[in-house]
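Each remark here refers to the structure printed beneath this line.
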Protein chains: 2
Amino acid sequence: MIEVFIIDDHPMVVAGIQALLNHSEVVRICGAAHDAGTALEMLGTSTAQVVLVDINLPDMNGIDLCVLMRKEFPKLKILGLSTFKERSYITRMMEAGASGYLLKNASKEELEDAVVAANKGRAYLSMEVAATLAVAQSVPSAIPMLTAREKEVLHLIAEGLTNQEIADKLFISILTVDSHRKNLLAKFGVKNTAAMIKTALELRLIAF
Amino acid sequence: MIEVFIIDDHPMVVAGIQALLNHSEVVRICGAAHDAGTALEMLGTSTAQVVLVDINLPDMNGIDLCVLMRKEFPKLKILGLSTFKERSYITRMMEAGASGYLLKNASKEELEDAVVAANKGRAYLSMEVAATLAVAQSVPSAIPMLTAREKEVLHLIAEGLTNQEIADKLFISILTVDSHRKNLLAKFGVKNTAAMIKTALELRLIAF
DNA sequence: TTTCATCTCCCGTAAAAAGGGGATTTTATC
DNA sequence: GATAAAATCCCCTTTTTACGGGAGATGAAA
C-alpha cells in the first residue's frame, strides 16, 4: 500500500480524493492538511511516501513548499495539484523537484497512476498537462529569474507606485529603484511597464 | 430532502461534494454532469431543486450557463462554485440570476447551509465571499464602462505599444490617443499604466 | 431639434520612465 | 580569501506619460 498525504485547503477536494481512492488496492490516504505550516509539522511524524500538494495554499505557494519539502523530506515524492494547466506553473513545479503534476479534473485512474508512478520514482503528467508542455516547448516563453528585491519592486510597480514612492517605501534611493526597473524590463524582454505587468501576471510572478 | 445536481468537470470535486453531503439529512445529490451541454439535457428530466455550477466549465462559462438555466428552468435555484473570490466573477454571477456563490474551500456546513438557503429562495454567500464583496462596496471598484475605442486603445497599451505607435496603428493623432489614455486612467481611478493594466486584467476587461 | 456620448484634435507644463553607460558595497558560496 | 551575484548608488539624455485645461464634428436617442 502506498501511503498518500494530501495538502489542500479545499475540503471538497480532500474529500473527493479520499472518496476516489477509497476502494483502491494500492493507495491509501494517511492524512491531510489544509495549509503548508501544519503539513510540514504533520509530515515529520508521517509514514507517507507520496504527497499531493495544491498549488494555491493559504500560507505559501506550492512551489516554495515543494522546495522546502525536498530539503526536509528528501525521500518524499511530490505531486503537484491544480486547476490550471499553465506552462509556467507546471514547469516551475517540476523544477522545484516535483515528481508530477495533476489537474483537478483528473480521473480516478489518472490519480492512481500518478501516485504509483511517483512512488516508483517516475515522473507523471496528466495527458492534458503533457500536451500543454509539448506546445510550450515549441514556444519557449522562459520565466525570468527575478531576485528577491526585483520581485519586491515589481509588486510595488504593479500597485501603481512611482519610482520615488517605491524608493521611500523601501528606504533606498530612487536611482536604485530605477536600476531594478531597468533590469526588470530587460529580464522580461519588454520595453515598457504595461507589457511587463501583463506578462508578469500571465506568468503568475505577481497576483491580483 | 432537497435534491441537488452538480455541474463540474472535476471528478475530485464532484466526489468531494458527494462525500461531504453523503450523510446529510436534508440534502441529497441526485445527479451530476461534467459539462454545460449534458447538464442542460439531464436537467430536463431531473427533479433537482438546486444546482451547483462550477464557474469554469469546458464548454461554457458559468455566467452564460446561469442565464440559460434561468430561462429554461425558472424554478431551479443556482449556486455558483469556484476557487476564486474575484469580485467581478461573483457580482456577474449574481447578476445572471444565481442564488449564491460558494468557494471550493467551503466546509460541509457552509455547503449545506447554502443549499438550504437557496432552496428557500434566500441568497447565500460564503463568509469569505461576503467579506470581499463588503470590501468591494466600501471601495467601489465598479467595472468601468469603456467605449469601443477605449477598449481598443487599452488593448494596444497592454501589448506594450506607445501612444505614437497606437496612433499610427489606428490612423489617428497621438493627441487623440493621449485623450483616450487620460480617460482610461480616470475611469479606472488609477494614476498610471501599471495599475491600470493590473486592474484591467483583474476585471477581465483584457485577457492575456 | 436638442441633448448627449463618443471620437476627434489641440495647448502647455511637469513628472516619470526608458536607455545608455558606470561604480561601489554587501552577501553568500566555494 | 577569492569569486560571483545581488543590491546599492551615480550621471546624462531622450522619450513617454500624466495632468490641467479646452473645443469641434458626428451620430444616435430623446
Side-chain angles (χ1 to χ4, degrees), chain A residues 63-64 67-68 70-72 74 92 95-97 142-203 205-206, chain B residues 141-201 203 205-206:
Chain A
I63 289 124
D64 293 341
V67 174
L68 275 180
R70 292 287 296 173
K71 267 195 193 162
E72 297 250 359
R92 278 198 286 168
E95 278 165 16
I143 300 146
M145 281 277 292
L146 304 184
T147 67
R149 203 53 157 177
E150 283 166 351
K151 275 184 212 160
E152 212 169 348
V153 172
L154 175 61
H155 270 96
L156 296 174
I157 293 173
E159 293 297 320
L161 303 203
T162 65
N163 288 349
Q164 186 60 65
E165 289 167 334
I166 296 172
D168 293 346
K169 190 153 221 164
L170 299 181
F171 302 108
I172 55 179
S173 158
I174 187 176
L175 295 159
T176 309
V177 180
D178 214 69
S179 293
H180 286 311
R181 194 180 198 122
K182 242 183 291 189
N183 295 332
L184 280 167
L185 287 177
K187 284 191 178 180
F188 275 98
V190 296
K191 60 181 221 248
N192 61 34
T193 307
M196 182 169 72
I197 297 299
K198 206 186 83 164
T199 57
L201 280 166
E202 186 175 4
L203 299 176
L205 291 172
I206 52 177
Chain B
S141 90
I143 299 158
M145 281 279 292
L146 304 184
T147 68
R149 204 53 157 178
E150 282 166 350
K151 276 183 211 161
E152 212 167 347
V153 172
L154 175 60
H155 270 96
L156 297 174
I157 291 173
E159 292 298 319
L161 303 203
T162 66
N163 287 350
Q164 186 59 65
E165 290 167 335
I166 296 172
D168 293 346
K169 191 154 219 162
L170 299 181
F171 302 109
I172 55 178
S173 160
I174 188 175
L175 295 158
T176 308
V177 180
D178 212 69
S179 293
H180 286 311
R181 195 180 198 122
K182 235 184 294 187
N183 296 333
L184 280 167
L185 287 177
K187 285 191 178 179
F188 275 98
V190 295
K191 60 180 222 259
N192 62 33
T193 308
M196 181 169 72
I197 296 299
K198 205 185 85 160
T199 57
L201 281 166
L203 299 175
L205 290 171
I206 51 177

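Throughout, protein chains are lettered first and strands after them, A, B, ... in sequence-line order, and every chain is numbered starting at 1.
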Next item on the list: Can you see which heavy atom on Ala195(B) is nearest to which on Gly160(A), and at what distance?
Entry: CB-CA, 3.8 Å
Next item on the list: Measure the distance from NZ on Lys182(B) to P on dC10(C) and round it to the nearest whole Å.
Entry: 13 Å
Check: What's the verdict on side chain to side chain contact (heavy atoms under 4.5 Å, CB included) for Thr176(B) and Arg149(B), showing C-alpha distance, side-chain angles and the deciding distance?
Finding: CA-CA 11 Å; Thr176(B) 308; Arg149(B) 204 53 157 178; over 6 Å; no
Margin query: Any heavy-atom pair between the side chains of Leu156(A) and Leu170(A) that's under 4.5 Å?
Written below: yes
Note to self: Could you tell me how far apart Leu185(A) (CG) and dG19(C) (P) are, to the nearest whole angstrom?
What the structure shows: 7 Å
Next item on the list: Rounded off to whole Å, could you give me the CZ-to-C1' distance for the Arg181(B) and dG20(D) pair?
Entry: 17 Å
Taking only nitrogen or oxygen atoms into account, show me every contact under 3.5 Å that the protein makes with nucleotides 28-30 of chain D, one pair per line with its distance.
none

Next item on the list: Decide yes or no, distance alone: a donor-acceptor N/O pair under 3.5 angstrom between the base of dG19(C) and the side-chain of Lys191(A).
Entry: no
Listed pairs, N/O of protein and of nucleotides 4-9 of chain D, under 3.5 Å:
residue : atom : partner   : partner atom : Å
dA7(D)  : OP1  : Arg149(A) : N            : 3.2
dA7(D)  : OP2  : Thr147(A) : OG1          : 2.2
dT8(D)  : OP1  : Arg149(A) : NE           : 3.2
dT8(D)  : OP1  : Arg149(A) : NH2          : 2.9
dT8(D)  : OP2  : Arg149(A) : NE           : 2.9
dT8(D)  : OP2  : His180(A) : NE2          : 3.1
dC9(D)  : OP2  : Ser173(A) : N            : 2.5
dC9(D)  : OP2  : Thr176(A) : OG1          : 2.6
dC9(D)  : N4   : Ser179(A) : OG           : 2.7

Item checked: Nucleotide of dC10(C), dA18(C), dA18(D) approaching Asn192(A) most closely (side-chain heavy atoms) -> dA18(C)
Check: Taking CG from Asp178(B) and P from dG21(D), how many angstroms apart are they, rounded to a whole number?
Finding: 15 Å
Next item on the list: Using atom CG of Leu156(B) as one end and atom P of dT16(D) as the other, report the distance to the nearest whole Å.
Entry: 16 Å
Next item on the list: Return no unless some side-chain N or O of Asn163(A) is found under 4.0 Å from OP1 or OP2 of dA16(C).
Entry: no
Notebook entry, point to check: Who passes side-chain hydrogen bond (donor to acceptor under 3.5 Å, both in side chains) against Lys191(B), sequence neighbours left out?
Noted result: Glu165(A)
Margin query: Contact between Ile197(A) and Thr193(B) at the side-chain level, heavy atoms closer than 4.5 Å - yes or no?
Written below: no
Note to self: Show the nearest heavy-atom pair for residues Thr147(B) and Glu150(B), with the distance to one decimal.
What the structure shows: N-OE1, 2.9 Å
Next item on the list: For residues Val153(B) and Ile166(B), report the shortest heavy-atom separation together with the two atoms involved.
Entry: O-CD1, 4.2 Å
Item checked: Leu205(A) vs Lys151(A) side-chain heavy atoms within contact, under 4.5 Å -> no
Next item on the list: Answer yes or no: does a side-chain N or O of Thr193(B) lie under 4.0 Å from OP1 or OP2 of dA18(D)?
Entry: yes
Checklist line | Over all atoms of both residues, closest heavy-atom pair of Ala158(B) and Lys198(A) | finding: O-CD, 3.6 Å
